[in-house]
**Student:** 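The following block contains the structure, expressed as structure tokens.
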Amino acid sequence: TAGSASAGRCVPCTRAPANAVYSSAGNPIAVPSAGPCSGSWTAATGYYVQGGKRFDMQILSFSLGAGQVSGSGVDSISSFTVAGTYSGTSMSFTKRYPTYSVEYTGQVSANVAGFAVEGTWSLSGGTGAFRLDLSSGGCAAGSWAAFADACAW
């Protein structure tokens with residue numbers, strides 16, 4: 001079931017493919033290849049910590065599909081793009097600024113409000129924590145649960 005396309009909402013929320021293996025509770029426990037979940041978000045928020053200080057990130061777009069992560073945003077440094085992968089509850093991506101890149105690795109968790117990615121960023125000469133928050137937004141009541149279940153979150 002697709003949600004409406006507006007700020008902070010996932011578009012679309014999808015269920016696991018027909019060839020997924022389900023538990024007795026009806027949740028997917030094994031899915032073929034890169035993963036069953038896909039969706040797009042706008043206006044997500046996040047932050048990273050460097051030198052003990054927190055710096056906010058504004059995520060302008062963030063998409064998941066076929067095991068791939070993509071997006072764009074802006075922070076106090078510059079605008080950036082995001083590209084990477086996810087599998088199960090693990091996600092890794094590269095945040096590319098115009099002149100350099102930063103590697104991010106984290107774990108995904110979900111609840112009725114949406115999902116979060118928390119982990120560590122690294123760059124030669126430094127490392128720190130980060131968090132991204134993406135809202136379940138306008139997904140129909142059952143759709144967000146199906147999306148999170150399909151992703152095994």
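Position 1 is the first residue of the sequence, and the numbers go up from there. Hydrogens, waters and symmetry mates play no part in the numbers below; they use all other heavy atoms, side chains included.
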**Student:** Any link between Phe80 and Tyr100 through a network of hydrophobic side chains (Ile, Leu, Val, Met, Phe, Trp, Tyr) touching at under 4.5 Å?
**Tutor:** yes
**Student:** Are the side chains of Val117 and Tyr86 in contact, using a 4.5 Å heavy-atom criterion?
**Tutor:** no
**Student:** Determine, using the 4.5 Å side-chain heavy-atom cutoff (strictly less than), whether Ile59 and Tyr97 are members of one ILVMFWY cluster.
**Tutor:** yes
**Student:** State yes or no: do Leu123 and Met91 share one hydrophobic cluster built from I, L, V, M, F, W and Y residues joined by side-chain heavy-atom distances below 4.5 Å, directly or via other members?
**Tutor:** yes
**Student:** Enumerate the residue pairs fulfilling salt bridge (charged side-chain N to carboxylate O under 4.0 Å, His left out) with a member in residues 81-105, sequence neighbours excluded, ordered by first and then second residue.
**Tutor:** Asp75-Lys95
**Student:** Could you list the residues that satisfy ring-ring contact (aromatic ring centres under 6.0 Å, His included) with Tyr47, not counting sequence neighbours?
**Tutor:** none
**Student:** Is a side-chain N or O of Thr127 found less than 3.5 angstrom from the main chain of Trp121, in a donor-acceptor match?
**Tutor:** yes
**Student:** On the 0 to 90° scale, with breaks at 30° and 60°, tag the Tyr104-Phe93 ring pair as parallel, tilted or perpendicular.
**Tutor:** parallel
**Student:** What heavy-atom pair brings Ser122 and Val102 nearest, and what distance separates the two atoms?
**Tutor:** O-CG1, 3.5 Å
**Student:** Got a sec, which residues hit salt bridge (charged side-chain N to carboxylate O under 4.0 Å, His left out) with Glu118, two or more places apart in sequence or on another chain?
**Tutor:** Arg131
**Student:** Going by salt bridge (charged side-chain N to carboxylate O under 4.0 Å, His left out), name the pairs with one or both residues in residues 49-62, residues two or more places apart or in two chains.
**Tutor:** Arg54-Asp56
**Student:** What's the spacing between Thr45 OG1 and Gln58 CD if we round to 0.5 Å?
**Tutor:** 7.0 Å
**Student:** Does Phe55 share a hydrophobic cluster with Leu132, counting links as ILVMFWY side-chain heavy atoms below 4.5 Å and allowing steps through other members?
**Tutor:** yes
**Student:** Only counting residues at least two apart or in another chain, list the ones meeting side-chain hydrogen bond (donor to acceptor under 3.5 Å, both in side chains) with Gln50.
**Tutor:** none
**Student:** Going from CZ on Phe62 to OG on Ser72, what distance comes out if it is rounded to the nearest 0.5 angstrom?
**Tutor:** 11.0 Å
**Student:** Using a 4.5 Å cut-off on heavy atoms from C-beta on, say whether the side chain of Pro98 contacts that of Ser78.
**Tutor:** yes
**Student:** Less than 4.5 Å apart, side chain to side chain, heavy atoms only: is that true for Thr85 and Val69?
**Tutor:** no
**Student:** Just jot down the side-chain hydrogen bond (donor to acceptor under 3.5 Å, both in side chains) partners of Thr81, sequence neighbours excluded, or say none.
**Tutor:** none
**Student:** Quick check on the hydrophobic clustering: are Val82 and Ile77 connected, directly or via other members, by side-chain heavy-atom contacts under 4.5 Å?
**Tutor:** yes
